Every structure is written in structure tokens, then in C-alpha cells.
Amino acid sequence: MILSGHKRSLEKRTSLRGWLFILPALALILFTCFYPMVETLLLSFQKGKANQLSYAGLRNYARLLSDSTFWAALENTLFFLVVQIPIMLGLALMLAVLVNDSSIRGRGIYRTLIFLPAVTSLASCSIIFLRLFANDGYLNTLLMQHGFIDRAIAFLSDRMGARLIIVLVMTWRWTGVNMIYYLSGLQSIDESLYEAAAIDGATGFARFRLITIPLLKPTILMTTITSTTGTLKLFDEVYNITGGGPANATITLSQYLYQLCFKGVPQYGYASAIAYIIFLLAALLALLQMKAGDSK
């Protein structure tokens, strides 16, 4: 009995010490993450501008229904979500398989080059693509010099052209990050599985479909969720390259939220309502993706 009581006392002291160690981190997370989330939720039920706020109930959310800019931003965000993520993740998986092949020499160099755009500053990235696709940019100059076109193509002034450029920029910048995730997953797969499948006569594509994809399923799910969340919060690339134009053709929910908060007279209540729409979309899509990932 004495030993049992001593053991329980020791477990209690150990548990208490554990809580003391994590308490600073827990307090920091609560203060920097959860507290702003609660404050933003409360703010979304208020109206007014700057510091002149009053309770408005659900008026901010009702206002969303008739706000054409909000619907344009939502449409553009979902377009980038549906078009860009499958392209980026598919390309990342293909590149990961290629640079994981032991028969390829200089794999480390290829991995570095593919990952390099992810560590490139956004300012440099914006300058590169603006100079590439401007009316007097490198692409138009090259096409005109070789006689493919008679006059410059206004890539950034065309609705679909501007959208596709944003897709291209995001794919160029973030494919390398997802490739590293997939590469890590591939290196944890036992080579004997592929050897056994090859002995049984399975083709390369069959081995990829029946071994690689199922065993990479957790990694694919993780990259899909993180990419979805990142796209819903898309701001930097659009703001620096197209500014949301032409005529709101590339404006995103995060950029519209920024405009409401920091351009002109601040509308914090309405911007907070949009912030919670982004949060609900991210949570809903993550839930659906996890449900799909859990299905057999």
C-alpha cells in the first residue's frame, strides 16, 4: 500500500511538472491564436468604421449576400483552389518520384533547383513574372522577334490570362515544398515491396498505382489540406503581380479583407465576417478531405 501510494504521488508530481513545462507555450498559443479568433468573431457582429462600432447582429453576414466584390473574390479563390492545387500536387508527386530514382545522377542538384523557388523572396518572384508577361516583357518580345505574333499580347489585362499567370506563379513557387514532403514519404517505403512487385511482373505504372499511391496516402492528404488552407488565404502573389485586376478578375478573399481593413476607412466588422467565412471554408474542406482520406 505504501509503495502504491508513493507511485501515485510520483505520477502526480511528474504530471504536474509536465504541465508546468508546457504552460508557457500553451499560454502563448491561447494569447496569439485563440484570443484573436474569439475577438474577431465578436467583431464580426459589429458595424461601423474605425473606432465607432456598435452591435449589428448578423447584418455583416447578410451584407455578404449582396456584395458583388465578395462573390467575385470567392469565385476567384475557388478557381485557384480547383485548378492550381491538382496541377501543383500532381507535378510535385511526379518530380518526387523522378528525383528519388537512384539511377539518376546529381539528384541532390535537381532537388535543390526544384525547391529553390520556395525560398525566393516574393519581391524577386513578382519582378520576374511581371517582366516576363508585361506588354513589353520578355515573352512578347521573343514571340514578336520570331514572327509568332504581330502585336504584344496583354497577358495581365486579360481576365483568364491573369488568372492563369497566378496559377503559374503559385505552381512555380510551391511545387518544390510539396515535392520535399513526397520525397520524404517515398524514402520511407521499403524497396523490397517494389522488388517483389517487379518479380511478379508488375509494370512501373502498376507499382506506382498499387504501392506508391496507397503508402503515400497520409502525405497526400496532408499536402492537400495545407495547400487548400494556403490557397484560401492567397494574398501575396495576387497583390504583388495583378493587384486583383483586371476588374477584380483575380481578387481573392484575403485581398478583399485587406482592402476593407487597410484601404480607405477601415470596416473591421465586415472584414471580420469575411475572415470567418475563410475560416469556415478551410474547416469544411479540411473535414471533407479527411473524411475522404479515411475512406477505404
Side-chain angles (χ1 to χ4, degrees), residues 28-81 84 118 120-130 133-134 156-157 159 162-163 165-167 169-170 173-174 226-283 285:
L28 186 63
I29 292 172
L30 289 173
F31 180 73
T32 60
C33 295
F34 290 98
Y35 173 71
M37 289 172 61
V38 174
E39 283 294 315
T40 302
L41 179 62
L42 296 176
L43 193 57
S44 70
F45 297 111
Q46 300 183 49
K47 66 176 182 178
K49 300 176 180 179
N51 294 323
Q52 300 175 347
L53 296 171
S54 60
Y55 181 72
L58 295 174
R59 292 181 186 176
N60 287 324
Y61 293 95
R63 177 181 168 185
L64 293 171
L65 300 176
S66 58
D67 187 347
S68 59
T69 305
F70 166 77
W71 288 107
L74 179 60
E75 178 190 349
N76 295 334
T77 303
L78 293 178
F79 174 84
F80 295 133
L81 192 73
Q84 190 266 335
T120 304
S121 71
L122 185 61
S124 301
C125 172
S126 301
I127 292 172
I128 290 170
F129 281 91
L130 283 172
F133 292 103
L156 296 172
S157 299
R159 176 183 177 86
R163 282 181 165 187
I165 288 172
I166 296 298
V167 169
V169 173
M170 293 173 64
R173 193 155 187 247
W174 298 114
T226 55
S227 298
T228 298
T229 304
T231 302
L232 287 173
K233 298 186 295 183
L234 177 62
F235 173 80
D236 294 336
E237 289 85 350
V238 173
Y239 183 80
N240 284 276
I241 295 175
T242 65
N248 288 336
T250 57
I251 190 173
T252 61
L253 290 173
S254 293
Q255 187 183 1
Y256 186 38
L257 187 156
Y258 170 83
Q259 291 178 356
L260 291 168
C261 283
F262 303 108
K263 294 288 186 72
V265 180
Q267 302 180 51
Y268 296 130
Y270 189 49
S272 297
I274 294 177
Y276 258 84
I277 293 298
I278 298 174
F279 167 76
L280 292 174
L281 280 173
L285 291 174

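The figures that follow rest on heavy atoms only: side chains count, while hydrogens, waters and symmetry mates do not. Everything numeric in this text was worked out from a predicted model, so none of it was measured.
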Task: Side-chain touch Thr77/Leu234, heavy atoms, less than 4.5 angstrom - done: no
Open item on the list: Using 30° and 60° as the class boundaries, would you call the ring planes of Phe262 and Tyr258 parallel, tilted or perpendicular?
Closed with: tilted
Task: Ile278 CD1 to Leu281 CG distance, which is reported to the nearest 0.5 Å - done: 8.0 Å
Open item on the list: Any donor-acceptor pair under 3.5 Å linking the side-chain atoms of Ser124 with those of Ser121?
Closed with: yes
Open item on the list: Any non-hydrogen side-chain atom of Met37 less than 4.5 Å from a side-chain atom of Phe279?
Closed with: yes
Task: Closest contact, heavy atoms only, Ala162 versus Gly245 - done: CB-O, 4.1 Å
- [ ] To the nearest 0.5 Å, tell me how far Asn60 CG sits from Ile274 CD1.
- [x] 9.0 Å
TODO: Kindly determine whether Tyr256 and Asn248 satisfy side chain to side chain donor-acceptor pair (under 3.5 Å), including the steps that lead there.
DONE: CA-CA 10 Å; Tyr256 186 38; Asn248 288 336; over 6 Å; no
Task: For Ser157, all residues meeting side chain to side chain contact (heavy atoms under 4.5 Å, CB included), sequence neighbours excluded - done: Ala154
TODO: Evaluate whether atom OH of Tyr35 has more than 12 neighbouring non-hydrogen atoms of other residues, nucleotides or ligands under 6.0 angstrom away.
DONE: no
Task: Check: Thr252 and Leu74 side chains under 4.5 Å, non-hydrogen atoms - done: no
- [ ] Find out whether Ser272 and Leu41 are in side-chain contact, i.e. whether some heavy atom of one side chain is under 4.5 Å from a heavy atom of the other.
- [x] no
TODO: Applying salt bridge (charged side-chain N to carboxylate O under 4.0 Å, His left out), name anything that partners Glu39, two or more places apart in sequence or on another chain.
DONE: none
Open item on the list: With heavy-atom distances below 4.5 Å as the criterion, would you say the side chains of Leu65 and Phe70 are in contact?
Closed with: no
Task: Pairwise distance CD1(Ile165) to CG(Leu156) - rounded to 0.5 angstrom - done: 4.5 Å
- [ ] Looking only at non-hydrogen atoms, find the nearest pair between Tyr268 and Pro266 and report the distance.
- [x] CZ-CB, 3.4 Å
Open item on the list: When you compare the side chain of Ile166 with that of Gln84, does any pair of heavy atoms fall below 4.5 Å?
Closed with: no
Task: Non-neighbouring partners of Ala72 that pass side chain to side chain contact (heavy atoms under 4.5 Å, CB included), sequence neighbours left out - done: none
TODO: Please round to the nearest 0.5 Å and tell me the distance separating atom CZ of Phe45 and atom OG1 of Thr40.
DONE: 11.5 Å
- [ ] Could you tell me the separation between the CG atom of Leu122 and the CZ atom of Phe235, rounded to the nearest 0.5 Å?
- [x] 9.5 Å
Open item on the list: Once rounded to the nearest 0.5 Å, what's the spacing between atom CG of Leu81 and atom CG of Leu285?
Closed with: 6.0 Å
Open item on the list: For Arg163, give me all partners under salt bridge (charged side-chain N to carboxylate O under 4.0 Å, His left out), at least two apart in sequence or on another chain.
Closed with: Glu75
Open item on the list: Test of understanding: with side chain to side chain contact (heavy atoms under 4.5 Å, CB included), list the residues that count as partners of Pro36, not counting sequence neighbours.
Closed with: none
Open item on the list: Taking the side chain as everything from C-beta on, heavy atoms only, tell me whether Ser54 gets closer than 4.5 Å to Gln46.
Closed with: no
Please tabulate, for the side chains in residues 236-244, all donor-acceptor contacts under 3.5 angstrom to protein atoms that are two or more places apart in sequence or on a different chain.
residue: Glu237; atom: OE2; partner: Arg173; partner atom: NH1; Å: 3.4
residue: Glu237; atom: OE2; partner: Trp174; partner atom: NE1; Å: 3.1
residue: Asn240; atom: ND2; partner: Asp236; partner atom: O; Å: 2.8
residue: Thr242; atom: OG1; partner: Val238; partner atom: O; Å: 3.3
residue: Thr242; atom: OG1; partner: Gly244; partner atom: N; Å: 3.3
residue: Thr242; atom: OG1; partner: Thr250; partner atom: OG1; Å: 2.7

Open item on the list: Within the 4.5 Å heavy-atom criterion, are Tyr270 and Tyr61 side-chain neighbours or not?
Closed with: no
